[in-house]
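These values consider heavy atoms only, across backbone and side chains, with no hydrogens, waters or symmetry-generated copies. Atoms within a ligand are numbered from 1 in the order they appear, just like the ligands themselves. Note that this is a predicted model, so its numbers are computed, not measured.
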Amino acid sequence: MEIVKDIVRLNKIIDEIKQKGKTIGFVPTMGALHQGHLSLLQEAGKQCDVKICSVFVNPTQFNDKKDLDRYPRTPEADFALLEREACDFVFFPDEKEIYPEKEDKRVFRFGRLEELHEGRTRPGHFNGVAQVVSKLFELVKPDKAFFGQKDFQQVMIVKALVKQLNYKVEIVPCAILREADGLAMSSRNVLLSAEERKVAAHIPLWMGKLEEMFRKNTVVETILKAIKEKIALQPLMKLDYLEICDADTLEPIDTANSANRVVALLAVFVGKIRLIDNVLLQ
Ligand code: PAF
């Protein structure tokens with residue numbers, strides 16, 4: 001596995017791969033890797049000839065400076081994990097490599113998709129994601145790029161970005177990986193104290209309860225009220241949003257039959273750490 005820090009070297013590698021007619025499977029990450037990321041890499045290995053992962057904590061997608069500062073950075077451990085997964089190349093640029101000019105911050109518009117849920121709480125977040133993902137796609141030129149479904153809205157944003165810019169990359173969404181107690185794997189989980197981690201284990205239980213109520217045709221409003229009441233009883237938790245939505249537009253719905261595909265989206269603070277989860281209901 002080669003760790004690549006500069007774009008000149010990356011360009012050369014990509015040219016050589018393309019000349020050999022090999023396909024590139026790409027997994028963009030912000031590091032602090034866990035089994036969820038590795039499952040994306042494994043999928044990339046099944047579908048493509050060459051596996052490339054990027055590790056870059058992208059400052060432009062953090063609307064909260066404190067969140068950026070506390071984001072875990074564990075490059076050495078990340079490289080060891082990637083090596084074990086037989087990753088071929090890790091792109092590990094510094095900020096100047098990705099954003100050489102302070103003014104070079106592309107602006108994207110995703111309409112309602114960037115205003116809802118994550119977009120409402122984290123203004124500018126998706127523009128930052130689009131900035132870095134567009135740069136990475138242009139550099140790595142992947143045939144397929146693999147994203148975790150935990151970031152449900154992000155996957156939709158990336159698909160919209162690919163459409164807007166006519167990139168040739170195929171976006172492959174991959175299932176959420178969960179800890180033994182059901183908590184969705186996330187780089188942020190390591191930031192939870194032992195007590196917060198215990199409380200966080202309620203999240204998958206509530207998502208399970210929500211799903212059960214939905215299957216029993218409970219009215220959407222009643223489901224949301226019941227789960228929100230449970231969250232409110234946890235002193236260490238603060239709900240950001242819980243919505244049942246049309247999975248194709250992410251607009252909240254009132255009744256199950258107002259959409260073909262339905263997803264429940266949750267964001268909750270456990271202490272200072274913000275966690276998200278989702279479940280596809282139909
Ligand atoms: O999902 C993430 O880790 C990031 O948002 C991504 C896609 C790597 C862009 O920085």
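Just one residue in the list Gln47, His37, Lys51, Glu85 forms a side chain to side chain donor-acceptor pair (under 3.5 Å) with Gln42, and that residue is Glu85.
Checking Ser186, Pro28, Cys53, Ala32 against atom 8 (C) of ligand 1, the nearest heavy atom belongs to Pro28.
Every atom of ligand 1 is numbered from 1 in the order shown, and the set under 4.0 Å from a heavy atom of Thr29 is 8 (C). Ligand 1 places these atoms under 4.0 Å from at least one heavy atom of Gln154: 1 (O), 2 (C), 4 (C), 5 (O), 7 (C). Atom numbering of ligand 1 starts at 1 in the shown order; those under 4.0 Å from a heavy atom of Val132 are 9 (C), 10 (O). Residue Gln61 has at least one heavy-atom neighbour below 4.0 Å for each of these atoms of ligand 1: 4 (C), 5 (O), 9 (C), 10 (O).
The six-membered or imidazole ring of Phe146 lies away from that of Phe26, with a centre-to-centre distance of 6.0 Å or more. Under the 6.0 Å cut-off for aromatic ring centres, Phe126 and Phe108 do not qualify, their centroids lying 6.0 Å or more apart.
Note: no N/O pair closer than 3.5 Å links Asn58 and ligand 1 by distance alone.
Side-chain heavy atoms closer than 4.5 Å link hydrophobic residues (I, L, V, M, F, W, Y) into clusters, and following such links, even through other members, never connects Leu210 to Val219.
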* Asked: Checking salt bridge (Lys or Arg N to Asp or Glu O under 4.0 Å) for the pair Lys209/Glu212: CA distance, chi angles, key distance, verdict?
  -> CA-CA 5 Å; Lys209 179 74 191 157; Glu212 187 190 315; 3.7 Å; yes
